[in-house]
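Take this structure first; my questions come after.
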Amino acid sequence: MSNQLNPAQKAAVRYLDGPLLVLAGAGSGKTRVITQKIAYLISECDVAPRHIAAVTFTNKASREMKQRVSQLLGKKNMKGLRVSTFHTLGLDIIRQELNALGLKTGFSIYDSADSLALIKELMRKAFGDHGDQADQMQWRISGWKNAFIIPEQATGLAEDAQGHASARVYEAYNHHLRTYNAVDFDDLIMLPVMLFRDHAEVLEKWQARIHYLLVDEYQDTNATQYELVKQLVGIRSALTAVGDDDQSIYSWRGANPENLALLNEDFPQLKVIKLEQNYRSSGRILKAANALIGNNPHIFEKRLWSDLGYGDPIRVIRCKDDEQEAEQVVHELMHHRFRNNNKHKDYAILYRGNHQSRQFERLLRQHQIPYYLSGGTSFFAYTEIKDIMAYLRLLSNPDDNNAFVRIVNTPRREIGPGTLEKLANYSDQRENSLFTSCFEIGLQHHMSDRAYQNLNTFANWVISMAHQAENSNPIEAVKNLINDIRYETWLIDSCKDEIIATRKMDNVKELTTWLERMHKKAPEATLADLVSKLILLDILDRDDEEKGDCVSLMTLHAAKGLEFPHVYLVGMEEELLPHRNSIEQETIDEERRLAYVGITRAQQTLTLSLTAQRKRYGDTTDCEPSRFLQELPQEDLQWTGTGIEVNKEEQHERGMSHLATLRGMLTPEG
DNA sequence: TGGGGTGATATTTTT
DNA sequence: TATCACCCCA
């Protein structure tokens with residue numbers, strides 16, 4: 001890829017006369033446009049870095065962006081530049097406007113596990129026992145927050161008793177979060193928007209701070225995020241939004257691809273620039289991608305092209321069942337790699353659902369091919385990390401009930417479920433956090449002296465540790481704390497396996513190493529600052545570059561934004577891609593975009609695979625080829641597959657059902 | 001407190 | 001069919 005910008009890219013970089021929407025097709029160099037534009041603003045237009053904000057969705061994207069800007073400008077010339085995720089931007093705002101929001105310093109950020117636990121508890125209390133529906137409730141509440149709907153509005157919108165009940169849980173949930181001096185992920189966006197709506201002077205302050213706003217992956221913004229963008233941009237309208245409606249695959253999570261069209265309405269002066277030259281894929285792959293996505297309705301028409309040559313045919317491997325699919329794909333991959341002397345990391349196997357990875361993993365292991373499986377357990381899901389994080393959270397925010405409950409008896413302090421129950425009842429009555437209740441005289445009458453003593457000792461210990469963290473080096477304080485609670489001994493005692501205990505302790509050490517590193521970078525930051533930063537940052541992001549030479553296995557969702565020389569898109573069947581639920585809900589368009597995202601990941605070769613049968617919930621079911629296969633240019637597809645012979649016999653037995661169509665597709669000119 | 005038995009449940013998940 | 005969360009019991 002050359003360093004020069006093409007005319008469309010250049011126009012997007014230079015355009016500053018008003019709001020701009022850059023419709024950036026897959027592989028059209030959108031990150032380059034954003035980073036070059038930042039550089040242009042700073043070095044050519046004399047905009048101070050601190051007046052520019054670029055917002056992304058993932059830490060990874062924001063890291064990459066920062067890095068590329070610093071390549072263009074040098075680190076010292078970008079001081080003050082704000083490149084962050086939406087959530088980090090929200091966190092910054094909240095942190096600086098605490099009082100107006102009714103939060104206290106050191107507030108906690110509840111991750112989804114925390115919020116689920118809270119919702120579960122509330123549902124148990126309010127509705128007897130509907131704790132098993134907590135995840136649906138969490139989903140609903142998050143949906144409301146993403147759509148900028150407050151509890152009162154949710155109540156108003158409720159159509160039945162169940163809706164009312166849900167709105168009540170939402171209300172209670174928010175109320176409890178505030179009591180615990182905590183916010184959840186969605187609040188990080190929602191609270192700033194509410195604040196800006198109600199306090200013009202605060203909004204003005206932030207508008208004065210951010211003179212130019214750039215938003216990446218604009219099609220993924222939800223209603224609340226769009227509101228935040230509109231507020232910050234204000235009448236100045238200095239906005240560059242970059243997005244691609246064809247790559248909108250998160251609407252099930254509240255993303256509003258219509259925001260692209262809304263931009264047109266909300267900013268009548270909106271300028272639209274299309275990036276249609278693709279620097280990634282062969283002409284044939286793009287032709288296929290264009291053909292497929294042509295079946296979707298479009299507000300903005302665009303047509304990707306490339307001058308990278310026409311390339312190899314798209315292969316379609318037809319298999320007997322999912323087991324054979326894995327065999328054939330892996331064999332094909334191995335041979336291709338060997339013939340072309342490629343690296344493992346040149347290859348990716350993409351699929352619709354996580355469960356599809358299994359067969360492939362098995363075979364890759366069998367052939368000793370190193371692979372990288374995206375979407376494992378998050379670092380923060382480990383119990384030992386949760387424990388330590390809970391301690392750290394409690395130090396900065398003693399009112400954090402989740403943290404309190406988690407570690408009050410870990411390691412053991414003889415504060416059992418009975419005592420906790422009594423404490424909880426008491427604090428409920430008083431509308432206080434558990435921690436605060438520990439100090440109340442009235443509590444004594446509700447439990448044994450011994451229990452009361454234990455609680456008191458613990459609470460005082462928390463205070464002294466918090467004091468230490470505040471008044472000396474926070475990292476030292478953390479290390480002290482881990483020693484103080486004898487966490488290592490506790491791990492060894494509680495794990496049967498010494499190796500596991502060591503591994504867990506290693507994780508804990510890694511956590512402190514991270515804190516140390518962050519502390520070095522920002523010596524002024526308090527422990528609370530470090531902890532909240534840590535929560536928004538998925539540590540597992542780190543092995544991006546340390547991934548090594550591995551075949552990538554991932555879902556289509558996870559593949560967005562990535563590219564590979566050779567891509568295998570597997571499971572091209574009805575009910576899988578498009579997924580069964582999407583067929584029922586008639587949201588085929590998004591599934592088509594998902595397939596589109598998969599296809600456009602490929603640089604040189606693309607191989608699709610499908611099976612005639614698949615094991616599903618126990619029994620084997622027949623599969624039909626995905627409708628998307630028929631939407632591809634048939635003359636560019638090359639069908640192969642060894643499953644055909646086997647199927648010939650079955651065909652008689654089954655009386656030529658759908659297999660006839662399959663065979664039709666296997667013969668060219670069918 | 002953990003392990004085993006039981007029953008429900010089976011897309012995608014940036015923060 | 002496999003997994004996972006949950007409950008109960010020792």
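Values below: every heavy atom of this structure, side chains too, minus hydrogens, waters and symmetry copies. Chain A is the first sequence line, chain B the second, and so forth, proteins listed ahead of strands; every chain is numbered from 1.
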Exercise. Taking atom types as modelled and ignoring hydrogens, do the side chains of Glu217(A) and Gln219(A) form a donor-acceptor contact shorter than 3.5 angstrom?
Worked result: yes
Exercise. Going by heavy atoms closer than 4.0 Å, what residues in residues 352-361 of chain A are next to DNA chain B?
Worked result: Arg352(A), Gly353(A), Asn354(A)
Exercise. Parallel, tilted or perpendicular: which fits the ring planes of Phe57(A) and Phe86(A), with parallel below 30° and perpendicular above 60°?
Worked result: tilted
Exercise. With distance as the sole test, does Asp92(A) use its side chain to make a donor-acceptor pair with the main-chain N or O of Leu89(A) at under 3.5 Å?
Worked result: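 Checked: no pair found.
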For this session: Compare the minimum distances between each of dT12(B), dT11(B), dT15(B) and the side chain of Thr85(A), then state the nucleotide with the smallest one.
Result: dT15(B)
Exercise. Phe57(A) has a side chain; which of dT14(B), dT1(B), dT12(B) sits nearest to it?
Worked result: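 Selected nucleotide: dT14(B).
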Exercise. Is a salt bridge present between Arg614(A) and Glu575(A), judged by a nitrogen-to-oxygen distance below 4.0 Å?
Worked result: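 Not counted as a salt bridge, because no side-chain N and carboxylate O are separated by less than 4.0 Å.
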Problem set entry | Nearest-Å distance once atom C1' is located in both dT14(B) and dT3(C) |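 One C1' to the other, the span is 26 Å.
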Exercise. Stacking check: are the rings of His579(A) and dT11(B) less than 5.5 Å apart at their centres and under 30 degrees in tilt?
Worked result: yes
Exercise. Of all the choices, dT1(B), dT15(B), dA10(B), which nucleotide is nearest to the side chain of Tyr617(A) once you look at every atom?
Worked result: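 Selected nucleotide: dA10(B).
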For this session: May I ask you to say what Arg593(A) touches in the nucleic acid, namely base, sugar-phosphate or nothing, with a heavy-atom cut-off under 4.0 Å?
Result: nothing
Exercise. With sugar-phosphate meaning primed atoms plus P, OP1 and OP2, does Ser582(A) contact a base, only sugar-phosphate, or nothing at under 4.0 Å between heavy atoms?
Worked result: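 Answer is base: heavy atoms of Ser582(A) come under 4.0 Å of a base.
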Exercise. Is a side-chain donor-acceptor pair under 3.5 Å present for Thr621(A) with Arg616(A)?
Worked result: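 No donor-acceptor contact under 3.5 Å links the two side chains.
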For this session: Go through the structure and list residues passing side-chain hydrogen bond (donor to acceptor under 3.5 Å, both in side chains) with His557(A), not counting sequence neighbours.
Result: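 Applying side-chain hydrogen bond (donor to acceptor under 3.5 Å, both in side chains) to His557(A) gives Trp252(A).
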Exercise. Hey, does the side chain of Lys533(A) come within less than 4.0 Å of dT15(B)'s phosphate (OP1/OP2), counting only N and O?
Worked result: no
For this session: For Tyr250(A), report the nucleic acid contact type (base, sugar-phosphate, nothing); a contact means any heavy atom under 4.0 Å.
Result: base
For this session: Considering non-hydrogen atoms only, spot the tightest contact between Gly571(A) and Glu325(A) and give its length.
Result: N-OE2, 2.9 Å
Exercise. Between dT15(B), dT11(B), dT1(B), which nucleotide has the shortest distance from any of its atoms to the side chain of Arg253(A)?
Worked result: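 Of the options given, the side chain of Arg253(A) lies nearest dT15(B).
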Exercise. Which is true for Gln225(A) with a 4.0 Å heavy-atom rule: it touches a base, it touches only sugar-phosphate, or it touches nothing?
Worked result: nothing
Problem set entry | Interface residues of residues 525-532 of chain A with DNA chain B (non-hydrogen, below 4.0 angstrom) | none
